[in-house]
Amino acid sequence: MKRYDRAYYEHWYRNPAYRIGSAAVLKRKVSLAVALAEWVIDRPIKSVLDVGCGEGRWQPVLYRLRPKASYLGIDSSEYAIERYGGRRNLRLGTFEELGQHVFDRPFDLVVCSDVLHYLTRSQLVQGLEALVPLVGGVALLEAFTSEDDIEGDHHDFQRRSAATYRRLFSDAGLVPCGMQSYVRADRAVDLTALELGL
């Protein structure tokens with residue numbers, strides 16, 4: 001069974017020989033997601049949910065961009081929760097168990113980055129059912145497909161086509177709005193055809 005322990009994070013996030021993505025790449029990704037969410041909701045974001053957040057690396061970057069926005073991370077790694085939970089507001093949980101958590105309201109930005117391609121189809125469908133109602137603005141659902149030449153952790157990688165992800169997201173009630181980002185179908189009516197890539 002795959003373990004997201006200290007050794008995993010040291011290998012994939014801090015070892016220069018294997019590290020995936022730099023601080024600069026992360027900052028650009030967070031900035032893009034924030035800008036897109038704010039374009040859609042037409043105001044600064046106030047809340048972010050990060051599902052499969054790992055060590056909560058998005059939190060300090062978001063704080064620098066939007067210090068008044070709340071951040072909540074959920075991850076299955078007991079190590080990450082123990083080490084960063086208090087200072088980065090992380091809770092223990094999995095994508096497919098998202099429906100077991102209680103939330104007061106939807107989030108302006110929902111993030112699920114580098115997680116979905118490690119889930120079984122049933123885990124993915126179950127988690128999407130709970131995630132979609134939480135999307136108050138934009139969901140960044142970053143996944144790698146069987147068409148992509150990926151670097152990094154191949155253990156438990158689920159080889160799904162881009163078409164399969166599109167169908168699963170659509171069936172869950174999500175509409176693409178560019179760069180692996182999605183809005184709920186009820187919010188899509190406020191966006192133009194080209195914003196939605198139609």
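- At distances below 3.5 Å, at least one donor-acceptor pair connects side-chain atoms of R187 with backbone N or O atoms of G136.
- Going from atom CD of E38 over to atom CG of L109 covers 9.0 Å, rounded to the nearest 0.5 Å.
- Counting all heavy atoms, side chain and backbone alike, L36 lies closest to V138 at O-CG2, 4.0 Å.
- In summary, of the residues considered (L140, V111, L174), a side chain to side chain contact (heavy atoms under 4.5 Å, CB included) with S181 occurs for L140 alone.
- Here the CG atom belonging to L196 is positioned 7.0 Å from the SG atom belonging to C177, to the nearest 0.5 angstrom.
- Atom OG of residue S70 and atom NZ of residue K46 lie 10.5 Å apart, to the nearest 0.5 angstrom.
- Between R91 and D75 there is no salt bridge, since none of the side-chain N atoms of the basic residue sits less than 4.0 Å from a carboxylate O of the acidic one.
- Looking at every heavy atom in both residues, A80 comes nearest to L90 through O-CD1, 3.9 Å.
- Linking ILVMFWY residues whenever their side-chain heavy atoms come closer than 4.5 Å, directly or via other members, places L116 and V125 in the same cluster.
- Judged as a ring pair (Phe, Tyr, Trp, His ring centres under 6.0 Å), and not counting sequence neighbours, the contacts of F107 are F103.
- Within the 4.5 Å cutoff, side-chain heavy atoms of C112 are placed close to those of F95.
- The existence of a salt bridge linking E55 and R88 is excluded, since no basic side-chain nitrogen approaches an acidic carboxylate oxygen closer than 4.0 Å.
- A pairwise comparison of heavy atoms in V110 and L134 identifies CG2-O, 3.6 Å as the closest pair.
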Evaluate S31 against L65 for side-chain contact (heavy atoms from CB on, under 4.5 Å), listing each step before the verdict.
CA-CA 8 Å; S31 297; L65 286 172; 3.7 Å; yes
One pair to check against side-chain contact (heavy atoms from CB on, under 4.5 Å): Q59 and Y84. What are the steps and the verdict?
CA-CA 10 Å; Q59 188 275 333; Y84 293 102; over 6 Å; no
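- Few gaps surround CG on D186; more than 12 heavy atoms of other groups in view lie less than 6.0 Å from it.
- Under the side-chain contact (heavy atoms from CB on, under 4.5 Å) criterion, A172 pairs with L128, V132, not counting sequence neighbours.
- Taking a 4.5 Å side-chain heavy-atom cut-off between Ile, Leu, Val, Met, Phe, Trp and Tyr, the cluster of M179 extends to L32.
- For the atom pair CG (L98) and CG (L49), the distance works out to 6.5 Å, reported to the nearest 0.5 Å.
- Crowding of E129 atom CD: a count of heavy atoms from other residues, nucleotides or ligands under 6.0 Å not exceeding 12.
- If you take CG on N89 and CD1 on I74, they are separated by 9.5 Å, rounding to the nearest 0.5 Å.
- S47 places a side-chain N or O within 3.5 Å of a backbone atom of D108 that can act as its donor or acceptor partner.
- The number of heavy-atom neighbours closer than 6.0 Å to CZ of R105, taken from other residues, nucleotides and ligands shown, is 12 or below.
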Report the C-alpha distance between L191 and V183 in whole Å, list the side-chain angles of each, state the deciding distance to 0.1 Å, and finish with yes or no for side-chain contact (heavy atoms from CB on, under 4.5 Å).
CA-CA 10 Å; L191 301 177; V183 293; 4.1 Å; yes
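- The OH atom of Y182 sits 7.0 Å away from the CZ atom of R166 when rounded to the nearest 0.5 Å.
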Worked verdict on W58 versus K29 for side-chain contact (heavy atoms from CB on, under 4.5 Å):
CA-CA 9 Å; W58 278 59; K29 188 185 299 186; 3.7 Å; yes
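- Between the side chains of Q126 and E96, not a single donor N or O lies within less than 3.5 Å of an accepting N or O.
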